[in-house]
Amino acid sequence: MASGIRAAIVAGEPSGDLLAARMIRGLQARDPAAAASGIGGPAMARTGFQAWHPMDALSVFGYVDALRAAPRLIRTWRDTRHRVLAQRPDVFIGVDAPDFNLRLEEKVRAAGIPTVHFVGPSIWAWRFERIHQIRRAVSHMLVLFPFEVDLYREQGVPVTYVGHPLAELIPTRPDRAAARAVLGLDPATRVLAVMPGSRESELRLLAPRFLQAAQILRRQDPDLQIIVPVVNAQRRAQFEAILADNPVPGCRVLSALPAASSAGARADGLDSSEWPIAWHAMEAADAVLVASGTATLEAALFKRPLVISYVISPWMRRIMAWKSGQQAPSLPWVGLPNILERDFVVPELLQEAATPEGLAEQTWIALSDREHGQRVAQRFTALHASLSRDTPGLAAQAILDVCHGHAA
């Protein structure tokens with residue numbers, strides 16, 4: 001096998017940075033002389049990746065932010081295209097960020113450079129018409145979910161299922177007692193993790209409802225411990241302002257582990273010292289009330305009964321319908337665990353259904369119904385096994401096959 005593969009890689013957000021870093025490690029294990037450059041973050045930099053632009057150059061949140069950032073995004077896109085076409089790497093790899101990467105991949109592939117896209121856009125939920133652009137832009141698609149293989153194959157896009165990296169990072173047997181010890185929680189009373197999202201709009205629309213549901217639950221169980229992990233100081237300040245208007249006795253907001261935390265090496269061989277605070281909260285919890293998104297999959301991999309909710313403004317709903325060409329998703333589920341299981345394993349309360357009373361009712365079942373919790377845990381244990389693969393190795397081999405002309 002020839003060595004010294006040169007890859008241009010673009011990752012546009014922290015999750016993509018972590019995915020790409022593991023993929024680069026997989027490439028280096030198979031081709032020690034492999035070199036990568038492009039757009040990435042700190043995890044990629046630790047592999048020796050050479051960044052042309054910081055990952056923050058692509059970071060936008062919502063349509064308004066995207067409009068404001070448009071001049072910067074266009075400059076970055078044009079410069080990246082110029083560099084790729086001038087340097088002619090062996091392969092271009094776009095990691096997620098489909099709005100940026102698919103357009104770039106079209107230009108790159110048309111110039112004769114093979115392209116790999118890592119993380120299939122969720123055309124199975126919204127904007128299926130994107131498949132035409134994907135067919136033009138992508139030499140080979142790497143997907144995280146097994147059901148995506150048939151979808152892309154049927155549309156004539158070569159595809160490899162590489163598993164979901166979260167399935168390797170989250171323990172197959174969570175240790176609730178150890179997590180409670182780490183967070184300083186009472187081991188004998190119920191714990192609810194409340195996770196209303198990580199974006200300003202999510203907290204604004206969901207946090208009041210979640211906290212009002214928590215008030216109802218505290219009346220049902222005055223000893224209920226409620227923990228709210230937040231991603232940064234800005235979101236913490238926003239949440240605490242909402243909490244002041246919707247007070248919940250004993251509610252703890254967590255942005256970092258306690259100073260005396262014992263997190264670190266575990267009996268299962270994993271190191272939890274660098275886990276996001278949300279993972280510690282989910283492992284400690286009896287149930288999770290959570291905004292739809294990646295956190296729902298994380299909660300499922302921690303085998304916790306969860307209640308999924310989401311609310312968007314009427315204005316945003318109109319924009320999404322216009323942009324996608326659809327009035328509603330093409331699937332009856334929005335939460336990743338339910339989509340993957342093709343079933344309402346856990347409840348989803350969306351839009352008008354996301355009332356404090358409805359959220360409290362379903363969350364109480366998640367907290368108190370032991371048989372329900374056992375059924376959910378069994379389903380999610382099987383889901384965990386189905387997503388657990390050697391993601392770095394499978395992704396790296398597929399990329400090398402594309403470079404050497406062996407891919408399907």
Side-chain angles (χ1 to χ4, degrees), residues 170-171 173-196 206-230 236 239-240 242-244 246-264 266-268 272 275-291 295-296 298-309 345-347 349 356-378 380-381:
I170 291 175
R173 295 184 179 181
D175 190 337
R176 182 180 282 115
R180 292 190 180 189
V182 165
L183 295 176
L185 297 168
D186 186 336
T189 59
R190 294 187 182 103
V191 175
L192 172 66
V194 172
M195 301 177 61
L206 284 174
R209 300 165 190 253
F210 281 17
L211 288 172
Q212 290 160 25
Q215 291 170 344
I216 297 171
L217 292 166
R218 281 279 298 194
R219 289 197 288 272
Q220 291 176 271
D221 179 0
D223 294 325
L224 178 65
Q225 301 176 91
I226 296 171
I227 52 176
V228 185
V230 293
R236 179 174 189 134
F239 180 81
E240 288 180 338
I242 297 170
L243 178 61
N246 302 273
V248 178
C251 179
R252 284 182 54 191
V253 184
L254 306 172
S255 52
L257 292 176
S261 166
S262 58
R266 300 159 49 104
D268 51 24
S272 63
W275 280 8
I277 189 65
W279 288 16
H280 294 283
M282 286 187 273
E283 188 171 36
D286 292 290
V288 183
L289 175 58
V290 61
T296 64
E298 294 169 339
L301 293 175
F302 275 104
K303 322 301 182 301
R304 299 299 181 243
L306 58 145
V307 175
I308 299 169
S309 185
V345 180
V346 294
L349 283 76
E357 295 76 16
L359 293 168
E361 179 182 359
Q362 293 299 325
T363 304
W364 180 249
I365 293 171
L367 282 167
S368 63
D369 188 331
R370 182 166 299 196
E371 289 185 2
H372 168 73
Q374 290 172 343
R375 288 194 301 270
V376 167
Q378 288 173 354
F380 288 163
T381 297

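- Formation of a donor-acceptor pair under 3.5 Å by the Arg236 side chain with backbone atoms of Val253 is found in this model.
- The shortest distance between side-chain heavy atoms of Val288 and Val307 does not fall below 4.5 Å.
- The shortest distance between side-chain heavy atoms of Arg209 and Ser309 does not fall below 4.5 Å.
- The nearest pair of heavy atoms linking Ala278 to Pro229 is CA-CB, 3.7 Å.
- Side-chain contact between Pro249 and Gln215 is absent, with no heavy-atom pair separated by less than 4.5 Å.
- Using a distance-only test at 3.5 Å, with no hydrogens or angles considered, a donor-acceptor pair links the side chain of Arg304 to the main chain of Glu283.
- The heavy-atom pair separating Ala284 from Leu183 by the smallest distance is CB-CD1, 4.0 Å.
- Here the closest non-hydrogen pair linking Ala287 and Leu367 is CB-CD2, 3.8 Å.
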Requested in this report: Assess whether side-chain contact (heavy atoms from CB on, under 4.5 Å) is satisfied between Val191 and Arg176, documenting all intermediate values.
Outcome: CA-CA 10 Å; Val191 175; Arg176 182 180 282 115; over 6 Å; no
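- Between atom CD1 of residue Ile227 and atom CG of residue Leu192 there is a gap of 8.0 Å, rounded to the nearest 0.5 Å.
- Counting only distance, with no hydrogens or angles, the side chain of Ser255 and the backbone of Val230 share no donor-acceptor pair below 3.5 Å.
- The line from CZ of Arg218 to CG of Leu224 is 6.5 Å long, rounded to the nearest 0.5 Å.
- Across every non-hydrogen atom of Arg252 and Leu185, the tightest pair is NH1-CD2, 3.3 Å.
- Heavy atoms only, all atoms of each residue included: Ala295 and Met282 are closest at O-SD, 4.0 Å.
- Within the 3.5 Å criterion, the main-chain N or O of Gln225 finds no donor-acceptor partner in the side chain of Arg190.
- Using a cut-off of 4.0 Å between Lys/Arg side-chain N and Asp/Glu carboxylate O, Arg180 and Asp286 are scored as salt-bridged.
- Side-chain contact between Phe380 and Leu306 is present, with at least one heavy-atom pair separated by less than 4.5 Å.
- Taking the six-membered ring for Trp and thresholds of 30 and 60 degrees, Phe302 and Trp279 have ring planes more than 60 degrees apart, a perpendicular arrangement.
- Annotation for Leu359 and Ala213: closest pair CB-CB, 3.8 Å, computed over non-hydrogen atoms.
- A distance of 8.0 Å separates OG1 of Thr363 from CZ of Phe210, quoted to the nearest 0.5 Å.
- Taken from CG in Asp221 to CH2 in Trp364, the straight-line distance is 5.0 Å, to the nearest 0.5 Å.
- Leu217 contributes atom CG, which lies 11.0 Å from atom CG of Leu211 (distance to the nearest 0.5 angstrom).
- Note that CD of Gln374 is 9.0 Å distant from CG of Asp369, once rounded to the nearest 0.5 Å.
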